[in-house]
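Notes for the one structure printed next.
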2 protein chains.
Amino acid sequence: MSDQIKTFRQHNHDNCVESAMHAAQDICDAQHLKLTPARQRVLEILLESHTALGAYDILERLSNEGGKAQPPVVYRALDFLVGNGLAHKIEQLNAFVACVHSHKDHNPAFMICKKCKRVAETEIPNVPTALNQHAMDSGFVIEQTIIEARGICPSCNETAK
Amino acid sequence: MSDQIKTFRQHNHDNCVESAMHAAQDICDAQHLKLTPARQRVLEILLESHTALGAYDILERLSNEGGKAQPPVVYRALDFLVGNGLAHKIEQLNAFVACVHSHKDHNPAFMICKKCKRVAETEIPNVPTALNQHAMDSGFVIEQTIIEARGICPSCNETAK
DNA sequence: CGTTGATATGTTATATTATATCACATACGA
DNA sequence: TCGTATGTGATATAATATAACATATCAACG
């Protein structure tokens, strides 16, 4: 597999996942909350995906790891995470994202291949100037910015041509 | 209503909707396809929203305009639009977007209030440099970029404080 | 220790909502 | 008058979420 394709398929997020997990652990310790294995694993899954996931997406990933989890397992973990500010629910999507409050300066950008649906992730150093300007003009307070680019990934570009 | 809030609620897209509708009409004329009122209206709704909409989102907006439309009305129009390249289905979301091929240089940006869920739209002149760079490095061909900023809109910011 | 009570988990079944299609009657235009 | 588009009611399919109850874990207390 070429470097390009490998890059497209999986961006290494170990660092930021790990630091976020530590931050979460600290928050729980401070508030006498238990970040149990199930909750930990769901949070990790959210952090790894680095985008909004449906409850059943999470369930599927959990189930790939051995025992087949049931829906309530995921919903309970999500209740805990959302209830304690470690994750958010995006109502419009019925999906959940890990809270990245601990590193607000992180602006993920996704490149989504419209052929194979794979998603590559990268990040950009700061909110685009024009958007920032518009937000300030209108009084909107930006907490997180997500950029989605739709297009064709390198491998699909080759084969489909 | 203050200018700020008005700005937040509705950004005027008449120009780009209109030009896209003309382009669609031209395409249909050239291929002897009929852009009937129903199809026209669904395409307009997609263009106005300028983001992916579920079939029932479209249905709701159609129904607000007089006679209450039924699901097949929307699905038929969408079949036509997708079948003829005037719109795309985002399988991952079960949602539909108008094809904006005719104005590739348009990069919408959305500011979504996480309290009231209202969405303001603006646009930025070009794809953020860092993302563009990364795409080029990996061989990804960007067709459209959508930026979503989550945060708090001016009116929620006042009341919730 | 051992018991108890609070919290977390395992598991089956099912409720709720969103998404999509069927089937048939009617209209309209080439 | 045939092909295509629309109106409309009913229903199928899939995604999302919860109810209910049994079991497990673990810390606090006597």
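Lettering of chains follows the sequences in order, A, B, ..., and the numbering in each one begins at 1.
- When rounded to the nearest whole Å, the span between CG of A:Asn94 and P of D:dT16 equals 7 Å.
- Residue B:Lys89 places at least one side-chain N or O under 4.0 Å from the OP1 or OP2 atom of C:dA20.
- One atom, CZ of B:Phe96, and another, P of C:dA18, lie 16 Å apart when rounded to the nearest Å.
- With hydrogens and angles disregarded, no donor-acceptor distance shorter than 3.5 Å links the side chain of A:Asp57 to the backbone of A:Leu53.
- Comparing A:Gln70 and B:Asp79 by the nucleotide of DNA chain C that holds the closest heavy atom to each, the one mapping nearer the 5' end is A:Gln70.
- In terms of heavy-atom proximity, A:Tyr56 sits nearest to A:Pro71 at OH-CG, 3.4 Å.
- Between the A:His22 side chain and the A:Glu18 main chain, a donor and an acceptor come within less than 3.5 Å of each other.
- Atom CZ of A:Arg76 is separated from atom P of C:dT12 by 13 Å (rounded to the nearest Å).
- Contact check, A:Arg39 against C:dA8: a side-chain N or O comes under 4.0 Å of OP1 or OP2.
- The aromatic ring of B:Tyr75 is not stacked on the base of C:dT21, since the criterion of ring centres less than 5.5 Å apart with planes inclined by under 30° is not met.
- Atom pair B:Leu78:CG and D:dT6:P shows a separation of 12 Å (rounding to whole Å applied).
- The main-chain N or O of A:Lys34 is found under 3.5 Å from a side-chain atom of A:Arg39 such that the two form a donor-acceptor pair.
- The interatomic distance linking B:Leu59 (CG) with C:dA20 (C1') rounds to 12 Å, in whole Å.
- Residue side chain B:Tyr56 reaches the base of C:dA20 through a donor-acceptor N/O pair under 3.5 Å, judged by distance alone.
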